[in-house]
Number of protein chains: 2
Amino acid sequence: MKISDRKTEIIAVAARLFKEKGYSAVTMRDIAQAMDIKAASLYNHIQSKQEILVLIIIEIAEEFTLVMNEIVSSNLSTLKKIERVIQLHITITLRNSDALACLNNDWMHLTDDQLSYFIKMREDYEQNFRKIIQEGIQNGQLKKSNQEVMVYAILSSLRTMYLWHSKSKGLDEKTLLKSITSLYFKGLEN
Amino acid sequence: MKISDRKTEIIAVAARLFKEKGYSAVTMRDIAQAMDIKAASLYNHIQSKQEILVLIIIEIAEEFTLVMNEIVSSNLSTLKKIERVIQLHITITLRNSDALACLNNDWMHLTDDQLSYFIKMREDYEQNFRKIIQEGIQNGQLKKSNQEVMVYAILSSLRTMYLWHSKSKGLDEKTLLKSITSLYFKGLEN
DNA sequence: CTATTAAACTAACAATTGTTAGTTTTAATT
DNA sequence: AATTAAAACTAACAATTGTTAGTTTAATAG
């Protein structure tokens, strides 16, 4: 079932507004005004405010899940796997930072099935990343430092890239990947 | 002017709720219920919902500003300065993670003077951290990698520590500091 | 005991919320 | 030109929002 152009437009506009003020602070009238129509007209295209949130978040969450599964079950080296995870975050951040911001800040406003579905995906994602780090420590490719700190310090940094990637100019996809991998792998110190 | 115990309590309860659902999604009735009183009773202690937000955010923002200024104008080595910044984030995260979450997610719901005051502090804070990194690159203590990536990758990771520090057990203040500094300074790679 | 103050209460307000019903306009197809 | 379908509109709804006014209870001080 193809999603109509107008619906896609609504989702994009909503994501942008949600990024700025958060899901709860954005009203249907806000979204409508940003599209130069009345709030009631939105309901010709979408079922509810909730549906917009779901469509924004779940699609991206599923993409993360899919690619992460591929990376984990590949036979790349640990460092290459981590580089692929970084690449994944960069790609999605550059393509759809609004939706990513929404996923990060508003996932708790999902309800029922969708909420537990999302939480499950997020837990699996973290568990997969933990597995990569763990393997790396065991096979000697990574330092024997605190595993959880490695996992979360890096993940939280990747997850909030949407907050700053556009602030510094001249940061194309390749430069970003090189700089970040260098930082995580070799650190700041000279 | 001393803040009454009851007012402090309201602020603490509100911060916890704001952390869970965000400022906009939490109602005065939610806060009241969490304190086993009625919403109207809150107004014996606070002036408005906005005031609660301001009190939560500004105090912490000022503390960050204050300590960061001390660090920048000290004559410590670059690495020691960075370690102090990490220490600062750890201290505040452990002491008041609710307020920190609120600062991170709900600062945009500040208004007028307070909003610009906050933004100014945040910009100064980033500029100060940037200065530390810059110095370090110039005096050879840090690698000559992309400065902005260093600044924001580390800052964003420190800022979201409240999301995970409690998840992994046995992470006391000292272990946390050692693990994080090791990760940022020397990286993952063995 | 009395007076005073702090802090709770009930009841209600005006504004805003997501959403629906019914209608008109616009665009596309026959 | 007539018909149909898509997408906008107006008007309104019930619920919820932050907040106020006025009142009662609980605690404290003289």
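Judged by distance alone, the side chain of B:Thr65 and the main-chain N or O of B:Ala61 form a donor-acceptor pair under 3.5 Å.
Atom pair A:Lys7:NZ and D:dA6:P shows a separation of 14 Å (rounding to whole Å applied). Look at CE on B:Met35: it is 7 Å from P on C:dA8, rounded to the nearest Å. Put simply, CD1 on A:Ile46 is 17 Å from P on D:dA6, counting in whole angstrom units.
The distance between the ring centers of B:Tyr152 and A:His165 does not fall below 6.0 angstrom.
For residues 63-77 of chain B, the salt bridge (charged side-chain N to carboxylate O under 4.0 Å, His left out) pairs, not counting sequence neighbours, are B:Glu63-B:Arg95. Residue pairs meeting the salt bridge (charged side-chain N to carboxylate O under 4.0 Å, His left out) criterion with at least one partner in residues 138-164 of chain B, sequence neighbours excluded, are B:Glu126-B:Arg159, B:Arg130-B:Glu148.
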Identify each donor-acceptor pair in which a side-chain atom of residues 14-25 of chain A lies under 3.5 Å from a protein atom, sequence neighbours left out, and give them as a table.
from	atom 1	to	atom 2	distance (Å)
A:Lys19	NZ	A:Ser97	OG	3.2
A:Tyr23	OH	A:Gln50	N	3.4
A:Ser24	OG	A:His109	NE2	3.4

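Salt-bridge annotation for B:Glu123 and B:Lys120: absent, with no side-chain N of the basic residue lying under 4.0 Å from a carboxylate O of the acidic one.
Defining each end axis of the helix from C:dC1-D:dG30 to C:dT30-D:dA1 as the rotation carrying four pairs' C1' atoms onto the next four, with five pairs an end, the two axes are found to diverge by 10° to 10 degrees.
Applying a 4.0 Å cut-off to non-hydrogen atoms, none of the residues of residues 108-116 of chain A approaches DNA chain C.
Linking Ile, Leu, Val, Met, Phe, Trp and Tyr residues whenever their side-chain heavy atoms come within less than 4.5 Å places B:Phe129 and B:Ile119 in a single cluster.
Aromatic ring orientation, B:Phe118 versus B:Trp107: parallel (interplanar angle below 30°, classes split at 30° and 60°).
In this structure, a donor-acceptor pair under 3.5 Å is present between the side chains of B:Asp30 and B:Thr27. Of the N and O atoms on the side chains of B:Asp5 and B:Thr8, not one donor lies less than 3.5 Å from an acceptor on the other residue.
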Next item on the list: Going 5' to 3' through nucleotides 8-18 of chain D, assign each nucleotide B (protein heavy atom under 4.0 Å from a base atom), S (under 4.0 Å only from sugar-phosphate atoms) or - (no protein heavy atom that close).
Entry: BBBBB----BB
